[in-house]
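Order of listing sets the numbers, starting from 1, for every ligand and every atom in it.
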Amino acid sequence: MLGLLQEAGHVIVPDAADAQGVLVNTCGFIADAAQEAVDTILHYADLKKSGDIRVLVVAGCLVQRYGKDIMEEIPEVDALVGTGDYGRIVEVFSQVEQGGCPACIGDPGWLAPEGGARVVSTPRHFAYIKVSEGCSNRCSYCLIPSLRGPQTDRPMEAIVAEARRLAESGVVEAILVAQDTTAYGRALYGRPRLAELLRHVAAVEGLKWVRVLYTYPSLIDDELIDVFAENRKVLPYLDIPMQHGSDRILRAMRRRITRQGMIDVCAKLRRRVPRLVIRTSLIVGFPGETDRDFSDLLTFIDEVRPERAGVFVFSPEEGADAATFPDQVPAELAAERRGIAMQRLAAISRSFGESRIGAVETVLVDGISTESELLCTARSYAEAPDVDGVIYVGDATLRPGQFVDVRITDAADYDLAAEPV
Ligand code: SF4
């Protein structure tokens with residue numbers, strides 16, 4: 001949307017205080033995210049009331065889910081853009097400027113025009129590349145397929161061309177994302193082709209690191225493992241949302257793999273990929289989750305030992321099948337289970353960090369730390385931006401985007417300290 005607006009002559013400013021119009025792009029797939037989006041919209045609605053901004057447009061999943069309510073409840077909102085209508089963003093701003101109040105909420109599903117302008121909102125040295133939109137899985141707790149539509153893939157050449165453009169502009173780390181990256185290719189080519197895509201993106205001159213997020217465990221096959229094992233630029237870091245460790249709950253979630261299947265995939269990956277780091281996400285408090293299921297989850301964590309993890313409390317979302325399942329787990333019990341699981345995972349993360357003390361590692365500098373002007377924050381292959389911890393390096397002269405060798409000197413639960421060597 002920013003790319004289209006910029007192409008049409010709008011000037012994008014990073015601070016809303018300098019803007020005449022504000023576009024709020026929303027998440028809305030669980031209640032907490034929807035609340036955060038509503039709070040943001042209300043904040044800008046206040047700025048509109050006080051005359052600090054003239055135009056307020058809201059886009060994204062919250063609009064797709066609750067568009068009419070937003071218009072009725074927050075009259076300061078000038079226009080709505082659903083997840084299938086991002087391509088109309090320029091027209092929407094023009095209509096608002098002419099006194100209109102458009103609500104574009106069609107069917108979900110939209111791919112950005114290939115080769116179109118893109119405004120990268122991450123720091124200059126890394127960028128996310130969306131390889132597909134939507135999801136064709138039907139996990140019983142998830143609204144994403146209804147908010148974003150079935151999976152639609154971008155052509156492989158277009159993704160590689162985008163990677164090339166990004167590398168030419170200074171990006172050294174490309175992070176491939178989709179709702180399910182391992183399914184990439186199935187919609188467009190009839191079979192998953194992530195392994196091939198990774199090889200092509202890794203061959204782009206200038207890119208040093210290629211990272212992949214959101215892989216589905218049942219689709220991690222030998223061809224894909226080979227790429228992680230053999231391609232020097234594809235980082236040995238796998239983000240595999242596993243969701244639970246009890247077969248009963250996995251079935252109810254409509255996940256297409258068993259506990260043992262995931263244990264086997266992780267064991268094979270660890271055998272084949274040196275230095276592998278596994279990240280996962282888990283859900284506790286799913287309807288019907290008994291003490292026994294939860295203890296299965298804990299033994300599953302002990303077996304897989306993911307170095308990185310997030311644990312979420314099940315959120316019953318209107319429209320998702322699991323919201324109507326019997327035996328909903330009380331919120332207090334679910335929160336308690338989350339605390340127990342997080343504690344166990346923090347200990348695994350810490351022991352991984354401690355095992356690295358004394359080692360020399362290559363890190364990518366992100367910039368001066370917000371904690372101290374004397375430190376830089378950096379990441380190794382084992383830390384993805386935003387979701388994982390960081391490495392504090394005791395040298396404030398390093399530049400963002402610079403690779404540097406450091407010796408790890410200390411480890412907390414998630415963050416590390418290091419000195420340049
Ligand atoms: S694979 Fe992910 S995005 Fe797709 S339905 Fe399942 S949880 Fe939702």
Side-chain angles (χ1 to χ4, degrees), residues 26-34 60-62 64-65 82-84 107-111 128-154 175-188 191-194 212-221 224 238-259 261-262 265 278-289 297 300 306 308-325 334 338 384 387:
T26 59
C27 181
F29 82 122
I30 55 170
D32 285 353
C61 287
L62 190 77
Q64 200 66 27
R65 196 173 171 191
T83 59
D107 290 337
W110 181 76
L111 281 179
Y128 296 94
I129 302 181
K130 201 89 178 274
V131 301
S132 314
E133 291 280 358
C135 184
S136 298
N137 297 316
R138 289 276 156 187
C139 302
S140 61
Y141 51 87
C142 183
L143 279 184
I144 287 176
S146 65
L147 296 176
R148 312 293 302 214
Q151 179 158 343
T152 322
D153 302 321
R154 297 175 60 194
I175 305 169
L176 306 193
V177 293
Q179 257 75 47
D180 173 359
T181 45
T182 33
Y184 171 76
R186 199 147 58 183
L188 186 60
R191 67 180 174 86
R193 289 177 68 181
L194 178 63
V212 189
L213 300 181
Y214 315 120
T215 61
Y216 198 101
S218 64
L219 289 178
I220 299 174
D221 59 11
L224 191 58
L238 258 159
D239 169 44
I240 317 172
M242 296 191 231
Q243 315 299 13
H244 214 281
S246 149
D247 279 332
R248 226 174 54 80
I249 299 297
L250 289 166
R251 266 195 307 278
M253 288 176 159
R254 275 193 236 122
R255 299 290 291 175
R256 288 179 283 102
I257 190 162
T258 60
R259 166 194 173 99
M262 292 190 287
V265 168
I278 293 179
R279 175 176 183 86
T280 196
S281 51
L282 301 163
I283 297 174
V284 292
F286 191 81
E289 183 189 65
L297 175 62
F300 178 75
R308 312 274 178 238
V311 183
F312 301 87
V313 168
F314 169 74
S315 178
E317 294 303 318
E318 192 188 342
D321 291 351
T324 62
F325 286 0
R338 178 178 182 272
V387 285

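Counted within 6.0 Å of OH on Y214, heavy atoms from surrounding residues, nucleotides or ligands total 12 or fewer; the atom is thus considered open. Atom CG of D107 has 12 or fewer neighbouring heavy atoms from other residues, nucleotides or ligands inside a 6.0 Å radius.
R154 approaches K130 most closely through the heavy-atom pair NH1-O, 2.9 Å. N137 and P145 make their closest contact through O-CG, 3.3 Å (heavy atoms, listed as atom of the first residue, atom of the second, distance).
If you look at atom 6 (Fe) of ligand 1, the protein N, O or S atoms less than 2.8 Å from it are C139 SG.
Proximity of T83 to C61: side-chain heavy atoms (C-beta onward) are separated by under 4.5 Å at one or more points.
For the pair Y141 and ligand 1, a heavy-atom separation below 4.0 Å is found.
With sequence neighbours excluded, the residues satisfying ring pair (Phe, Tyr, Trp, His ring centres under 6.0 Å) with F286 are F314.
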